[in-house]
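A short worksheet on the structure shown next.
Just so you know, ligand 1 is whichever comes first in the structure, and atom 1 is the first atom listed for that ligand.
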Amino acid sequence: MPFKRPLSSHTSDDESLFSHDQHSKRVCSGSPWNIGEEKPLLVYILQAKIHPETMSELAALVENYTIERVDSQRNQGPGVVSKLNLELTGDVKKANIIVTAIKMRQRLERHIDWRIAKTKAIVTPSWLRDSVKSGQPLSCGNYVAVHNLEDEALQHCPDTVQDISSSSSIHLPSPEKESSWQTEPDEPIDATEAESLSCNAKYSCLRPSPLVCPNQGLVKEIDIIRRSRHIEGEDRSMLSYSRAISVIKAYPHVITEHNLHDLHELPFLGEKVLSMIEEFLKTGRITEAQKFLADPRFQSLSAFITIHGIGPHSARRLYDLGLRTLEELERYYEVIPGLSDEETMSLLEAESSANTEAAVEKSIKIGLALRHDLSQTIPCEEVEEINRTVMRELSHVQKGCKNVIAGGYRRGKPQSNDVDIVITHTDWKIGSQKVKGLCRKLVQRLHEQGFVTHVMHLSGFHEHNVLRTRHWDSLEKALTVFVWPHNPSRQRIYRRVDLIFAAPEVFWTAVVGWTGSTMFQRDLRLWAKQQKGMKFDSSGISRRHDSRLYYPRTERDVFKVLGLLYVHPTLRNADA
Ligand code: 8DG
Ligand code: CA
Ligand code: CA
């Protein structure tokens with residue numbers, strides 16, 4: 001194969017990501033492909049979907065790599081010479097490892113017979129780059145190219161470091177697979193995988209829940225009743241409606257009088273909800289929902305809880321004081337609409353003031369003052385622009401971070417109420433130290449650059465044990481107000497941006513938790529607890545009986561560890 005040789009075989013980005021690892025890899029003896037072995041490791045590079053320049057880069061990596069590397073920092077002492085013997089092959093059957101940019105089975109099958117594919121380790125180009133960099137064939141687990149072939153890739157991987165994690169009581173992470181270095185894992189929905197989910201399963205994390213379902217009008221109507229229970233503090237009843245809604249969200253057919261009886265097969269649809277559905281089919285309305293919509297108390301309380309910091313309990317208290325409208329709330333809190341000079345940046349200095357009454361009141365005042373802006377939804381293009389800006393500023397504070405935009409955006413919502421960005425550091429070994437305290441530093445930087453005007457809430461790692469019961473998780477996070485600095489060509493509108501920091505070991509649990517939806521996350525916890533004896537939240541997964549911790553290395557791993565089929569983010573819309 002006549003490949004053009006590039007000037008350099010790797011990018012400067014790669015240098016920074018892996019420079020630490022180069023000096024800390026274990027020496028792995030006993031590998032069939034390792035140091036000093038004569039037999040070369042045969043590499044087949046599948047050209048499809050790989051740019052010609054990348055192709056020559058990869059080929060050069062293989063062809064050049066019978067190099068000797070003196071690594072004076074290894075445990076065995078200075079001067080140990082390592083050799084990795086790679087050889088290109090054009091015969092897929094002979095290959096020990098297949099490198100490809102293809103991710104989907106169907107696509108791969110156009111080039112390689114599936115039966116052969118099942119006998120090989122099929123990995124992403126990053127496996128090759130990283131193996132060459134580290135001087136040894138790395139574990140394939142993080143570089144699996146086609147997820148249907150994950151087990152096979154592990155089984156046939158010519159790696160030498162695979163067992164580090166399994167021999168430990170703690171699931172040790174290692175460098176991630178290629179796709180996870182990107183801002184957003186943008187895998188398409190795998191139809192076979194989606195079909196394996198079941199619409200009548202008891203847990204929403206086993207059901208496929210699209211953003212908009214065939215019975216969305218009905219869902220919206222039932223959601224009014226759910227909201228009424230929420231604002232009145234009737235949590236049990238609210239949860240029943242949430243469950244009914246989530247079951248309907250996953251029901252794939254339009255409900256009609258003809259198939260109404262099929263709904264009896266579905267969980268959580270009791271007599272009351274079924275009769276409401278019947279009424280909706282006949283009239284297009286549910287009387288109880290309509291009554292709430294017309295109820296002044298419902299209207300007031302619903303409006304109050306749209307303000308950040310006002311939950312149902314506070315809303316009812318304010319209502320009992322005689323307040324009815326947001327304008328009255330403004331006067332009560334002495335707020336001037338559109339103007340907020342509340343000093344919440346001081347939260348950055350305070351040790352643990354995030355939940356004091358004064359801090360909550362400040363955030364209510366900000367929420368009220370800026371409510372006309374904050375109630376406007378954010379188009380996904382702007383979500384991405386905010387994310388880019390945040391990450392650019394973060395790079396000035398700490399190099400080597402990566403992130404995923406979570407929340408509704410990731411579930412496919414075209415318009416979001418806020419932006420949720422989950423951030424970690426790419427260095428698995430020292431990443432958690434790098435991430436610690438980063439939240440404050442980033443917010444400080446964003447404030448100095450004029451992007452963040454307020455911090456509504458700030459919390460740190462140390463809350464883990466103390467406030468476990470009151471919080472979703474123990475991650476370091478800042479709930480901020482973001483604004484584009486003065487620019488005549490751009491509308492100056494305030495946006496809510498949540499910045500969540502996770503150590504590399506819990507990055508993917510954080511992404512899953514913060515991707516939601518709320519009901520999906522609730523059922524992940526319930527499933528973990530009831531079916532697996534495990535504990536799940538955004539800050540980690542543990543086994544209950546011995547507190548063993550699990551550190552999933554990819555998002556798919558989160559599902560795997562919990563014994564679940566993977567659910568694509570756009571099928572996690574288990575709320576209205
Ligand atoms: P949108 O209203 O913002 O458009 O939709 P969303 O993105 O689904 O709502 P969200 O209120 O931004 O919440 C995103 C997910 O994060 C949601 O599934 C629930 C979860 N979540 C919070 N707060 C917290 C929290 O403090 N910790 C954790 N772990 N998750 C949270 O809303
Ligand atoms: Ca959100
Ligand atoms: Ca949010």
Under a 4.0 Å threshold between the charged nitrogen and the carboxylate oxygen, would [Y] count as salt-bridged to [X]?
X	Y	value
Asp523	Arg243	yes
Arg229	Glu288	yes
Arg440	Glu476	no
Lys535	Asp537	no
Arg317	Asp320	no
Glu193	Arg556	yes
Lys560	Glu150	yes
Glu382	Arg495	yes

Compute the shortest N/O to N/O distance between [X] and ligand 1 and return yes if it is under 3.5 Å, no if not.
X	answer
Asp473	yes
Thr515	no
Lys413	yes

Using a 4.0 Å cut-off to any heavy atom of [X], which atoms of ligand 1 qualify?
X	result
Ser517	18 (O)
Asp418	3 (O), 12 (O)
Thr518	17 (C), 18 (O), 19 (C)
Gly407	7 (O)
Asp420	7 (O), 12 (O)
Gly516	18 (O)
Gly408	6 (P), 7 (O), 8 (O)
Gln521	19 (C), 20 (C), 30 (N)

Any Arg411 heavy atom less than 4.0 Å to ligand 1
yes

Do we see a donor-acceptor contact under 3.5 Å between the side chains of Arg411 and Thr570?
no

Which protein N, O or S atoms does the Ca ion (ligand 2) have within a distance shorter than 3.0 Å?
Asp418 OD1, Asp420 OD2

Just wondering, are more than 12 heavy atoms of other shown residues or ligands nearer than 6.0 Å to CD in Glu334?
no

Residues, nucleotides or ligands: over 12 heavy atoms within 6.0 Å of Arg392 CZ:
yes

For Glu385, the salt bridge (Lys or Arg N to Asp or Glu O under 4.0 Å) test, sequence neighbours excluded, returns Arg490

Proximity to ligand 1 by part of Ala406, non-hydrogen separation under 4.0 Å:
neither

